[in-house]
Number of protein chains: 2
Amino acid sequence: MTSLPSLLGDLDPTSDRAVFRQIADQLREAIDRGRFKEGEKLPSEAELVEHYGVSRMTVRNSFSILQGEGLVHAEHGKGVFVRPRPPVRRLASDRFARRHREQGKSAFIVEADAAGSHPQVDSLEVKEEKASQDISTRLGSVRRVLARRRRYLLDGRPVEFATSYLPLDIARGTQIAEPNPGPGGIYARLEELGHHLDHFEEEIRARMPSPSEVKTLRLASGVPVIHLIRTAYDTEGRAVEVCDTVMAADAYVLSYQLPAT
Amino acid sequence: MTSLPSLLGDLDPTSDRAVFRQIADQLREAIDRGRFKEGEKLPSEAELVEHYGVSRMTVRNSFSILQGEGLVHAEHGKGVFVRPRPPVRRLASDRFARRHREQGKSAFIVEADAAGSHPQVDSLEVKEEKASQDISTRLGSVRRVLARRRRYLLDGRPVEFATSYLPLDIARGTQIAEPNPGPGGIYARLEELGHHLDHFEEEIRARMPSPSEVKTLRLASGVPVIHLIRTAYDTEGRAVEVCDTVMAADAYVLSYQLPAT
DNA sequence: CTTGCCCACTCGTCTATACGAGTATGCCTG
DNA sequence: CAGGCATACTCGTATAGACGAGTGGGCAAG
């Protein structure tokens, strides 16, 4: 094994910078320089304690900084590893164009198959419920809505959790209220029902996940979520659906094409 | 002062959940329920040590979880506070439409003034430099570029750091290479130079900030950044500008309008 | 009354120690 | 040879204590 000093250097006792930050800095730099590669194991806490001559809590503090940055993750009993960058899913802004709505399978499945990954959808739940204040406002003051919840997985990893909300007067009793909305998804059904789609509005935020989001998306620490709220409007200007999506930020790149007008 | 028990409850010694997580859970819930309001001070470490009968490090561990979630922030010598949600800036997808390009001031200034906040732009730097691999690819294999860097502040708080890259054959010697690109910004100049803009492509990612981004954006811990890369294409299909923007995620909501086509 | 200092309280950093629990490996037993 | 167990190594949790440094209020001196 290569000796640590050759990889990691010494501390600067004259520096104002806290020792645990200096250690974190050195590890970060070593990772950035590729001295530790993706998925590779970092020196164990004990080794770093030895190398730097500090206490274990100090080393753990350093690791906790890097974890917060999403650079590394710890595995109990194994070690601390450089977090591999997962393959990302690109979401193009034309993904809801009518021409993509012909096939029988959902856009998610088709797209993932094409990319060679194994897609899955689970946690399906379709039910009527009271609209939250926000959803109600977006849908134009409806009291109750049909909520369609589902979780998307790629190669076994949860990447996205989405809920669609539709006004009851539109969705109740239609195939939209069924677990499987049929070919082309709910947008195809909406159009068949006479609600011709005119445009979508998407709002994008990024933030740290709530504990429940950490759980459902099995997020590593230091991974933010992208929160996307899409509202679909029909040609009469009515909001016919709101889709609230929380995505693991390390699994997505969103891509939009805008006219220069 | 209200006694802590009335706000915070007890630990469950039979629970599998680690003590510091239980404490974090209770504090989080109290914050969510509004028992501690935005900007309000949480009980001090000493008080929580007393209340729960645990050691100080355990309490600090709890705080560090909440900091990682961006829920609270600590101020040396003062206490730990519920992090106030700053006002957000909405970026609409039509913000580069030609009709917004008439006025003398930059879009950022106009928009912030309208919102009643005090906008500022600093750290201006305009220079020629070697294009990175990524920028070169996006601009169509150019070696050197003109880079325009600037930082945007709202009411004294840095919210965004952006760099525009333009091919030298377009920008060199023009007003684009001046610190002040004139009314309507560089897009107006590009069109005057005969590069009529056709469309933009925007790529959006979210991630935790690098240490240098923490510094330039003065980010609190637990605040991700939104990384937006916009490429501007002219009517001949040539990429004429790439703008790389890093935004404090808690200060922005991006909004896009998409045709249903 | 004002100024300035001191002190109490806050979080920041660091040490040393202890035990628990998950993982992997190799040896020993059947 | 196969299975299982012991063991060493990993990180997770928690305690107790020490000192440093930023903040703010009160008190004392001018």
Side-chain angles (χ1 to χ4, degrees), chain A residues 1 4 10-27 36 39-68 71-83 211 214 218 220-222, chain B residues 1 4 10-27 36 39-68 71-83 211 214 218 220-222:
Chain A
M1 174 202 163
L4 257 37
D10 296 321
L11 297 177
D12 174 4
T14 70
S15 166
D16 284 350
R17 196 151 175 83
V19 173
F20 73 91
R21 288 186 205 284
Q22 290 187 47
I23 296 178
D25 290 346
Q26 293 195 11
L27 290 170
F36 298 112
E40 211 172 305
K41 187 175 165 303
L42 294 180
S44 74
E45 294 176 355
E47 284 171 319
L48 291 171
V49 163
E50 166 92 7
H51 173 71
Y52 288 114
V54 298
S55 83
R56 189 170 158 228
M57 283 310 295
T58 302
V59 170
R60 281 182 63 77
N61 257 334
S62 313
F63 279 152
S64 112
I65 291 184
L66 299 178
Q67 281 192 47
L71 272 181
V72 306
H73 69 113
E75 291 182 33
H76 194 166
K78 296 211 253 183
V80 177
F81 301 83
V82 180
R83 207 151 65 73
V214 168
R218 289 210 293 274
S221 69
Chain B
M1 175 203 163
L4 257 36
D10 296 321
L11 297 177
D12 175 4
T14 71
S15 166
D16 284 350
R17 196 148 174 86
V19 173
F20 74 90
R21 288 186 206 285
Q22 290 187 48
I23 297 178
D25 290 345
Q26 292 196 9
L27 290 170
F36 299 111
E40 211 171 305
K41 187 176 166 303
L42 294 181
S44 75
E45 295 176 355
E47 284 170 322
L48 291 171
V49 162
E50 166 91 9
H51 173 70
Y52 287 114
V54 298
S55 80
R56 187 170 160 229
M57 284 311 294
T58 302
V59 170
R60 280 182 65 76
N61 258 335
S62 313
F63 279 151
S64 112
I65 291 184
L66 300 178
Q67 280 192 48
L71 271 181
V72 307
H73 68 111
E75 290 183 35
H76 193 167
K78 297 209 247 180
V80 177
F81 300 82
V82 179
R83 207 150 66 72
V214 167
R218 288 209 293 275
S221 69

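So you know, we letter chains A, B, ... as the sequences are listed, proteins then strands, and number each from 1. None of these values were measured; they are calculated from a predicted model.
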Side-chain donor or acceptor of Q67(B) paired with backbone N/O of S221(B) under 3.5 Å: no
Expected output: side-chain T58(A) to main-chain F20(A) donor-acceptor under 3.5 Å: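 Judged by distance alone, no pair lies under 3.5 Å.
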Sugar-phosphate only, base, or nothing, as touched by R21(A) at under 4.0 Å among non-hydrogen atoms: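 It contacts sugar-phosphate atoms only.
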Does [X] have a side-chain nitrogen or oxygen under 4.0 Å from the phosphate oxygens OP1 or OP2 of [N]?
X      : N       : answer
R56(B) : dA14(D) : no
S55(B) : dG17(D) : no
T58(B) : dT13(D) : no
S44(A) : dC9(D)  : no
R60(A) : dC11(D) : no

Quick one: which of [options] gets closest to the side chain of [X]?
X      : options                   : value
A18(B) : dG22(C), dA14(D), dT15(C) : dA14(D)
A74(A) : dA24(C), dC11(C), dG12(D) : dG12(D)
K78(B) : dT23(D), dA14(D), dC11(C) : dT23(D)
F20(B) : dA14(D), dC11(D), dC11(C) : dA14(D)

Send over the distance from [X] [atom1] to [N] [atom2], rounded to a whole Å.
X      : N       : atom1 : atom2 : answer
F63(A) : dT13(C) : CZ    : C1'   : 18 Å
R17(A) : dA21(D) : CZ    : P     : 17 Å
I23(A) : dT13(C) : CD1   : C1'   : 12 Å
E45(A) : dC9(D)  : CD    : C1'   : 11 Å
E75(B) : dA21(D) : CD    : C1'   : 15 Å
M57(A) : dT13(C) : CE    : P     : 12 Å
F81(A) : dC11(D) : CZ    : P     : 8 Å
Q22(B) : dT13(D) : CD    : P     : 12 Å

Rounded distance [0.5 Å steps], CD in Q22(A) versus CG in D10(A): 10.5 Å
Pairwise distance CG(L48(B)) to CG(L42(B)) - rounded to 0.5 angstrom: 8.0 Å
E75(A) atom CD, neighbour heavy-atom count above 12 within 6.0 Å: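 Counting other residues, nucleotides and ligands, CD of E75(A) exceeds 12 neighbours.
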